[in-house]
K.L.:
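Encoded as structure tokens, here's the structure I'll be asking about.
By convention in this document, chain letters (A, B, ...) are assigned in the order of the sequence lines, proteins followed by strands, and residues within each chain are numbered from 1. Being a predicted model, the structure only gives us computed values, none of them experimental.
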Amino acid sequence: MALELITSIKGRAVVVPGDDVDTDRIIPARYMKCVTFDGLGEFLFYDTRFHEAGGEKDHPLNDPRFKGATILLGGNNFGCGSSREHAPQAIYRYGFRALITEGYAEIFFGNSTTLGMPCMTASKADLQTLRAMVESDPSLEIEIDVENRAIRAGGKTFPAELRESARQALVTGHWDPIADLLEGEKEVDATAARLPYLAA
Amino acid sequence: MGKTLFNKVWESHAVRRLPNGQTQLLIGTHLIHEVTSPQAFAMLRDLGLKVRFPHRTFATVDHIVPTDQAFEPFADPLADAMIKELRKNCEQFGVTFFDRKTGKQGIVHIVGPEQGITQPGTTIACGDSHTSTHGAFGTIAFGIGTSQVRDVLATQTMALGELKVRRIQVDGTLRPGVYAKDVILHIIRMLGVNGGTGFAYEYAGEVFDRFTMEERMTVCNMSIEGGARVGYVNPDDTTFEYLKGRPYCPEGAAWDEAVARWRAVASDPDAPYDEIVKFRAGDIAPTVTWGINPGQAIAIDETIPSVESSAAADKESVAEALEHMKLTPGAPIKGTRIDVAFLGSCTNGRLSDFVEVAKHIAGHHVVPGVKAIAVPGSQIVALQCQKLGLDRILREAGFEWREAGCSMCLAMNPDKLVGDQLCASSSNRNFKGRQGSITGRTLLMSPIMVAAAAVTGVVSDAREVFPTTHPASN
Ligand code: SF4
């Protein structure tokens, strides 16, 4: 059972600066007191976007020029810390469909891929160029070529990295593994039967 | 050629190869809690699926429980809704729930080992990044997201790419007054917060051979803070002794068979590693963080870094950390005034942590103006402490003694920092806002260092405050 094939993503981008942006920052823990992911988008980066007493802070997501951006440009080790899927869920539900950074924390990368949200990696230099381009022209359209691992913007092409298993999963529509996992039912039983602690 | 424990466990639990090239891996034990499971159960209902191995799925409640109230309903209606939702899901899907009335409730990473559910050579998954804690038993234990919680509930498997293995060997003898927490803070400081990306960490060497299970858990707990997906220690007699007689462990002949299996699953002496990193135990000092990630750490007698003195790649994050922490670059970390002292969490909320603090704190008192709380990691830890009178010793020293839970480790229950309070904390994360106030500040350290800070009101070298931790100066 294949899902939508995610081969390419086009859209405007916004820069969220800084390395080691952790999942507590992406979605503060108090917004995890919920039994559904609905509505999480509004709390994305809440504490860096809003003052404690209310009112907006200076943050790229509050900048009207970047409203409607679907691609997030970040720094290194993006999404580190807690494994909360609330973080990629909030990013996705806010409207983002892909990320380009210098690198990701493992669990965040996996969680995002499972949502069909590609996590592309670019070199520091290329990211700097892309950031500068987006900041000088917020209407710039960026194309992420998931299939061929490339980023195109303003007539330039930048190489991008994406782990092969994630690329495969996205372009073949297997990014949510549940259907494939369910198909392995018989083999699961066979594997469990070979393990004494599960056979008991 | 031999194999590592990681490779052996991976091979024995690999179900098949998936179309995207990942492995479908069997998860022997699934631990769940109230925060990351409700959406997964909802997805299960949407798909019309059941829990595949309900007898291998165990639940507890930890993040949202208030630690100053033993009864329900909770004052916070959202928290109350979450515990009720978990209770309902466990009943409906036939999952064992260590609810508060069982007397076995606690932080999920403390409950698993305590019950003997965590066993060598097995796989564990839990929707919580500190699942790596269970690796102390020679378990391959993954922290996962909610969609994967759904996958494991529905299929008892998940899709994963294989990891590389880095052996981290610490040889020699730790100096007096240096604890497991200092060892892991030192490792993360040296290898970086993303140094472990793509790796499983195997902790080994003389220091780990001598460590108790609780010390091994403290180190494995923070593997994720170093970027590693899992961390483990090979099982040995210390492991088996800890497990013997625990509720979910086999008995009699089955126990002997299990021990033989567990012994065999340890890494072979000639196992190949993708990398080996060595540390000398004598180089490790009591360590504290000064910044906003666990890698921003220094020895207690070092000074707070400045932007100028930092490597080019770190300048931006050092500047951001200094701004948030409101600390003076170049000043000693020792002597920094604290407002709150927190003893607890899945890193350092076990019996031995409270035993160690109680042993040295008698005759000292928390200074006025410092709020000090001690929070046992589970109801069983609480009971053990009470039997030994540790709660009384801590109370007499000026700590509040609380009910079991995650408490001030994260901002999901009433225990929170206020404003820019500075907290000496035995937990594992010092991210901005982690302890509940956007401007709150966290200094990670060992429990004994938290106690030293509490009784002096400033960040202190516990070896000076409690000469008893440091026999050399007796
Ligand atoms: S004690 Fe802290 S780190 Fe551990 S499970 Fe609870 S919230 Fe997470």
K.L.:
Please walk me through it: do B:Asp80 and A:Lys33 pass salt bridge (charged side-chain N to carboxylate O under 4.0 Å, His left out)?
P.N.:
CA-CA 10 Å; B:Asp80 203 61; A:Lys33 275 194 258 169; over 6 Å; no
K.L.:
Please find the pair of heavy atoms, one from B:His13 and one from A:Tyr197, that lie closest to each other, and give the distance.
P.N.:
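In this case the closest contact between B:His13 and A:Tyr197 is NE2-OH, 2.8 Å.
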K.L.:
Has the side chain of B:Glu85 got a donor or acceptor atom that lies under 3.5 Å from a matching backbone atom of A:Val35?
P.N.:
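Checked: no pair found.
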K.L.:
At their closest point, which heavy atom of A:His86 faces which heavy atom of B:Thr36, and how far apart are they?
P.N.:
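Heavy atoms only, the tightest pair is CE1-CG2, 4.3 Å.
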K.L.:
What residue, out of B:Asn293, B:Asp76, B:Ile292, has the most heavy-atom pairs lying under 4.5 Å from chain A?
P.N.:
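The residue among B:Asn293, B:Asp76, B:Ile292 with the greatest pair count is B:Asp76.
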K.L.:
With only heavy atoms counted, which part of A:Tyr104 is less than 4.5 Å from chain B, the side chain, the backbone, both or neither?
P.N.:
backbone
K.L.:
Please flag which part of A:Asn111 lies under 4.5 Å from any non-hydrogen atom of chain B: side chain, backbone, both or neither.
P.N.:
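For A:Asn111, the contact with chain B is made by the side chain alone.
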K.L.:
Would the distance check show the side chain of A:Glu106 and the main-chain N or O of B:Gly198 forming a donor-acceptor pair, the cut-off being under 3.5 Å?
P.N.:
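Answer holds: yes.
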K.L.:
Do B:His55 and A:Leu198 come close enough that some side-chain heavy atom pair is under 4.5 Å?
P.N.:
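B:His55 vs A:Leu198: side chains apart.
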K.L.:
What part of B:Ala14 is in contact with chain A, defined as an atom under 4.5 angstrom from a non-hydrogen atom: side chain, backbone, both or neither?
P.N.:
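Just its backbone gets close to chain A.
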K.L.:
Considering only heavy atoms from C-beta outward, does the side chain of A:Gln168 approach that of B:Pro19 to under 4.5 Å?
P.N.:
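The answer is no; the side chains never approach within 4.5 Å.
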K.L.:
Among B:Thr157, B:Leu410, B:Ile64, which residue forms the greatest number of heavy-atom pairs with chain A at distances under 4.5 Å?
P.N.:
B:Thr157
K.L.:
Taking side chain as everything from C-beta outward and backbone as N, CA, C, O, which of these in A:Arg30 sits under 4.5 Å from a heavy atom of chain B? Side chain, backbone, both or neither.
P.N.:
both
K.L.:
Please give me the minimum heavy-atom distance between B:Ser129 and A:Ser83, naming the atom from each residue.
P.N.:
N-OG, 3.1 Å
